[in-house]
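Written out below as structure tokens is the structure these notes cover.
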There are 2 protein chains.
Amino acid sequence: MNAISDEIKADYNFISDSLVDIYDQIMRIEESEIKKSRFKDITAKELHLVHTIGLHDRKTTSEVARILRLSKGTLTANLNNLERKGYISRLTNQQDRRIINLALTDKGRLLYRAHYAFHRKLVEQCLKGFNGSDIKKMKQALVNVEDFIGEVSAK
Amino acid sequence: MNAISDEIKADYNFISDSLVDIYDQIMRIEESEIKKSRFKDITAKELHLVHTIGLHDRKTTSEVARILRLSKGTLTANLNNLERKGYISRLTNQQDRRIINLALTDKGRLLYRAHYAFHRKLVEQCLKGFNGSDIKKMKQALVNVEDFIGEVSAK
DNA sequence: CATATTAGTTTGAAGTTCGAACTAATTAGT
DNA sequence: ACTAATTAGTTCGAACTTCAAACTAATATG
């Protein structure tokens with residue numbers, strides 16, 4: 001191994017180690033920020049579910065379960081909690097009355113937007129001082145990770 | 001809003017939306033990869049704990065609990081499981097016999113290295129085709145996120 | 001029209017997490 | 001030196017999450 005290679009290795013290790021802890025911390029901060037707001041009764045997991053339902057409006061329970069990789073039973077339990085707290089509503093599909101379409105209530109949409117704004121602020125801070133070509137590189141890095149995930153999953 | 005600003009906005013949204021799902025998927029893949037190996041009895045959470053103990057050798061139970069932001073009771077339960085499965089050992093500190101120093105067993109170290117190698121491969125794929133200055137930008141982005149987390153936490 | 005399939009809920013068991021009470025070891029105060 | 005206070009880690013019970021299997025209701029199939 002020469003000096004340049006060692007340097008790159010050190011960079012990779014730095015990035016790898018950084019990434020591990022950052023997400024835990026983001027999760028924790030998201031929850032603690034939300035608990036400072038008017039939405040005190042929401043956990044990080046519930047926030048994640050509200051985010052998913054907001055992003056995928058009026059999807060069925062089964063579809064949302066598949067997206068989040070939760071069992072249907074688990075999702076039903078989570079939905080009961082969020083419905084009780086007034087963040088989501090279950091809409092019986094009139095074409096096929098077995099199907100429930102999930103949607104956010106007004107309160108749920110407010111939470112969704114607050115959460116989304118926080119994410120956006122995080123990304124803005126992350127890319128502070130980056131120019132167009134830097135941002136393009138970042139997008140490429142994310143696409144690379146998605147590809148890697150896809151490859152490993154397919155195997 | 002002009003055209004350039006809208007484009008940047010779209011980039012931010014793309015990055016923000018990407019990030020949300022990627023980590024869930026990485027967690028899931030880490031667990032499923034590990035279950036294909038000889039370490040079938042390990043969950044994603046346990047893997048995370050083994051990683052932390054490997055990274056912070058011979059730290060006390062309380063220190064590890066603080067790092068992972070788990071209660072001491074929870075950590076004790078997790079350590080019991082990992083000790084039973086043979087991945088970690090508790091070393092009574094001879095200077096102060098209240099203190100337990102945590103360490104990986106040989107088996108635990110093997111798991112740690114396999115997991116670390118997976119992380120490294122992920123980072124390598126992520127940064128595929130990046131030059132030295134691109135990598136520097138990536139590091140900067142991570143430092144920016146850490147700073148943001150620090151600021152929000154301090155408030 | 002009976003049967004099979006599908007969507008979602010219920011249920012019970014297993015596992016996780018927390019925080020308070022507890023035990024054992026060490027340190028501080030007098 | 002002796003008592004009290006503190007500290008490290010464990011135990012315990014309650015609350016919550018998760019899953020998978022059994023179940024109910026609605027729709028599709030042959």
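Please read all numbers here as calculations on a predicted model, not as lab measurements. Reminder, nothing fancy here: chain letters follow the sequence lines and each chain counts from 1. FYI, side chains are in, hydrogens and waters are out, and symmetry mates aren't considered; it's all heavy atoms of this structure.
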- Taking protein heavy atoms under 4.0 Å as touching, what does nucleotides 5-23 of chain C look like 5' to 3' if B marks base contact, S marks sugar-phosphate-only contact and - marks none? -BSBBB-----SSBB----

- Task: Under 4.5 Å between side-chain heavy atoms, chaining through other members, with only Ile, Leu, Val, Met, Phe, Trp and Tyr counted: pull out the rest of the cluster around Leu91(A), sorted by chain and number.
- Result: none

- Residue pairs fulfilling ring pair (Phe, Tyr, Trp, His ring centres under 6.0 Å) with at least one residue in residues 125-149 of chain A, sequence neighbours excluded: Phe148(A)-Phe118(B)

- Can you name the residues that form a side chain to side chain donor-acceptor pair (under 3.5 Å) with Thr61(B), not counting sequence neighbours? none

- Item | DNA chain D contacts among residues 23-37 of chain A, heavy-atom distance under 4.0 Å | none

- Query: In whole angstrom, what separates Leu68(A)'s CG from dT17(D)'s C1'?
  - Reply: 14 Å

- Item | For Tyr23(A), ring-ring contact (aromatic ring centres under 6.0 Å, His included) partners two or more places apart | Tyr23(B)

- For Asn78(A), side chain to side chain donor-acceptor pair (under 3.5 Å) partners two or more places apart: none

Using atom types as modelled, flag every donor-acceptor pair under 3.5 Å from a side chain in residues 43-51 of chain A to any protein atom, sequence neighbours excluded.
residue  : atom : partner  : partner atom : Å
Thr43(A) : OG1  : Glu46(A) : N            : 3.2
Glu46(A) : OE1  : Thr43(A) : N            : 3.0
Glu46(A) : OE1  : Lys85(A) : NZ           : 3.0
Glu46(A) : OE2  : Lys85(A) : NZ           : 3.0
His48(A) : NE2  : Asp24(B) : OD2          : 2.7

- Query: How would you list all residue pairs meeting ring pair (Phe, Tyr, Trp, His ring centres under 6.0 Å) that involve residues 57-82 of chain A, not counting sequence neighbours?
  - Reply: none

- Message: Could you tell me how far apart Arg66(B) (CZ) and dT7(D) (P) are, to the nearest whole angstrom?
- Response: 15 Å

- Compute the bend angle of the helix from dC1(C)-dG30(D) to dT30(C)-dA1(D) from the end axes (five pairs per end), rounded to 10°. 10°

- Hydrophobic cluster of Val20(B), others only, ordered by chain and residue number, side-chain cut-off 4.5 Å: none

- Among all residues two or more places apart in sequence or in another chain, which pass the side chain to side chain donor-acceptor pair (under 3.5 Å) test with Glu124(A)? Arg120(A)

- Would Glu33(A) and Lys36(A) count as a salt bridge (charged side-chain N to carboxylate O under 4.0 Å, His left out) if you check the C-alpha gap in whole Å, the side-chain angles of each, and the deciding distance to 0.1 Å? CA-CA 5 Å; Glu33(A) 284 292 298; Lys36(A) 282 185 209 156; 2.9 Å; yes

